[in-house]
Asker: 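Below: one structure in structure tokens.
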Amino acid sequence: MLEVRGVGRRFGDVLALDDASFDVVPGRMTGFVGANGTGKTTAMRIIMGVLAATAGEVRWEGRRITREDRQRFGYMPEERGLYPKQKVLDQLVFFGQLHGLSRSEATGRAESLLDRLGLTERSKDRLDTLSLGNQQRVQIAAALIHQPIALVLDEPFSGLDPIAVDSMAAILRDEVARGVPVLFSSHQLELVERLCDDLVILTRGRVAAAGPAEDLRRSAGLMYRLTVGHGADVAWVGQVAGVVVKDMDGDTALLEVTHPGAEQEILATAVGKGPVREFAPVLPPLSEIFREVIR
Amino acid sequence: MNKPWKVIAAREIWVKLHDRTFLLSTAFMLVLIVASIVFSAFMGNRAETRTVAAVDRQGAAVVQTAQAIGRAEVNRLTLKTTQASDPDQARALLRDGDADAALLPLPDSQASRWELLAENEVDSGLYELMSRGVSAHEMSSNAEAAGTTAQQVLAGTGLERRSLDPTAIGEGVRFGLAFAFGFLFYITALVFGMSIAQSVIEEKQSRVVEILAAAVPIRQLLAGKVIGNSLLAIGQVVLLAGVGLIGLSVSGQGEVLSRVLGASAWFIVFFLLGFTALACIWAVAGSVATRQEDLSATTMPIQAIVFVALFVGIAGSGSGNVLTVGSFVPLVSSVAMPVRMLAEDVPMWQPLAAAVLVLLPAVALILLGARLYEGSLLRTNRRTQLREALSGGE
């Protein structure tokens, strides 16, 4: 497990990251969200050791992280970068060797990755002759070449078309299935919602919320939607104790349960009054939680 | 497992060896060296013919004597005689280019004084040969008048030529070699130094440096770059110097070879020391710049050092003191010491001492360069981060 413990970073008078703590759990995808300039990139750079923390520490498998651990991580920096004039395959082999693979191992890995990314035909082309989407694929391949023990990806989905987003998502799922902890930042909240098991929400350099996505959404307030038969009225729900009506529209009501168990009373009453067409828990969308949390 | 610096160095070399501009410029320099050796050999051995016009029988006899002397000494000048009826016709021959010089008796004097007339300037080789021809001719006619022969008069006399130091190199050749050493150092140090700085800036500009910095220690990165490019630079110097030396020996200028060889070996040693010392600073020059365009400004101080080494080596080859002092000044010694060794017998302890003197600043510069490189790489991060942090605070 990758643990960030009380990490802070100060640039002159500016505290870019303040006492940040969160976990990135193996076999789970962790989404890193927050507005621009809230310290996501700073945190990822500190995890990767490219930037020194001014406080706190990063831990790997229960101990302080070492350079050797980090050498086995896969990293995709915010500012993309590979050698523009080098051929795709040569480039990947170089990065594989840098991460300690032998030349033949690196070549084998690079070829299979390019195959998986549908770039086999471009493997002998110079990077700068590829489209931006394809360059991004090579970038992720460079991060995966050494079968990393953890992945830290800064905005891996930015600038990708919908098809490329799907193939990137599939790659990340494969890595998670391998039991690798994956941390990625993104502004595309619906994408994070779709992909992530865990969330870390950063605001102004502080961790505003962290944990399993399900728990966060649940804790934001458990809501139920009640829809009754045509012509029937749901106005009565406002009288039930432990329930706040968030929205009402004829035969449908959106309720927040402030007192656990109140939802059972609502259901029983509704069934007693006539046909119930729907009674279901509603989890608030991530965007709502996000807005709530960063407020 | 491969050490990261080896992987980096291998990439630097691989990229350079696949760089068309680099290959072409190396080929061009090789051609230049071979051509200049062939040219100088050709100029040195070329047989030239000069036609001298004579206006009377006595003049023709003088030219023939000179011709015989030239032939006996395998002089590169071959003389031909052409007969003119009078001085005016001889002048006409000169103007028409049918004769290179005219031998005319001076009108006011006895038969023994002549003038050698040419259209523009009298060729000094021709003048020398002709003047010996005049002396020999006069000698034999005077001897004949005295009832003896020139051979008898000169019997038992002679002047042999021998050099105290048979390996000594002539002034012209020495200057040429000093020039060659100087420029080889200057160009190679500049080309490969720039290539280090450029490869650093390329990584910074393309942002690949962040991935590299995450994967390997920054010092390994620097070491790989410096070692890769130093190996290439030494390879090129050895190649160019080797071709030059082979060219010298093949073209029959081999007498000077043993001394040149010694000086060249030391040149390579000093080049290695001097270049490695500067290599880290070249890398720093790349890392403090943010764009390719900044390089000319950030590399200026090193370019100046390299130029001083060239300047002292070449300009100092005339005056002994400047060169002797320069041959002990670190970095300047890279050119000055080998040039001195061409000119004189330098005791072995001197190049050794000069090498030790380079070694100290080399180590210091490498350490300083590594520190600055790490610092400036981090500074870029900080700058970027600060901008990010500030925009976050808005």
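Each chain gets a letter, A, B and so on, in the order its sequence line appears, and its residues count up from 1.
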Asker: In Å and rounded to the nearest 0.5 Å, what is the NZ to CG distance from B/K3 to A/L98?
Answerer: 13.5 Å
Asker: What are the two closest non-hydrogen atoms of A/R67 and B/P217, and how far apart are they?
Answerer: NH1-N, 3.3 Å
Asker: Above 12 or not: heavy atoms from other molecules or residues under 6.0 Å from CZ of A/R63?
Answerer: yes
Asker: Does atom CZ of A/R59 have more than 12 heavy-atom neighbours, drawn from other residues, nucleotides or ligands, at distances under 6.0 Å?
Answerer: yes
Asker: Nearest heavy-atom pair of A/Q71 and B/A215: which atoms, and what distance?
Answerer: CG-O, 3.0 Å
Asker: Need one label for A/F95: side chain, backbone, both or neither, based on atoms under 4.5 Å from any heavy atom in chain B.
Answerer: side chain
Asker: Determine, stepwise, if the pair B/E210 / A/M48 fulfils side-chain contact (heavy atoms from CB on, under 4.5 Å).
Answerer: CA-CA 10 Å; B/E210 192 154 333; A/M48 288 314 296; over 6 Å; no
Asker: Less than 4.5 Å apart, side chain to side chain, heavy atoms only: is that true for B/V15 and A/F94?
Answerer: no
Asker: Need one label for B/W14: side chain, backbone, both or neither, based on atoms under 4.5 Å from any heavy atom in chain A.
Answerer: side chain
Asker: State the CD1-CE distance between B/I211 and A/M76, to the nearest 0.5 angstrom.
Answerer: 8.5 Å
Asker: If you round to the nearest 0.5 Å, how far is CD of B/E203 from CG of A/L82?
Answerer: 11.5 Å
Asker: Kindly compute the distance separating CD1 (B/I8) from CD (A/Q97), expressed to the nearest 0.5 Å.
Answerer: 10.5 Å
Asker: Got a second to check how far A/D90's CG is from B/H18's NE2, nearest 0.5 Å?
Answerer: 8.0 Å
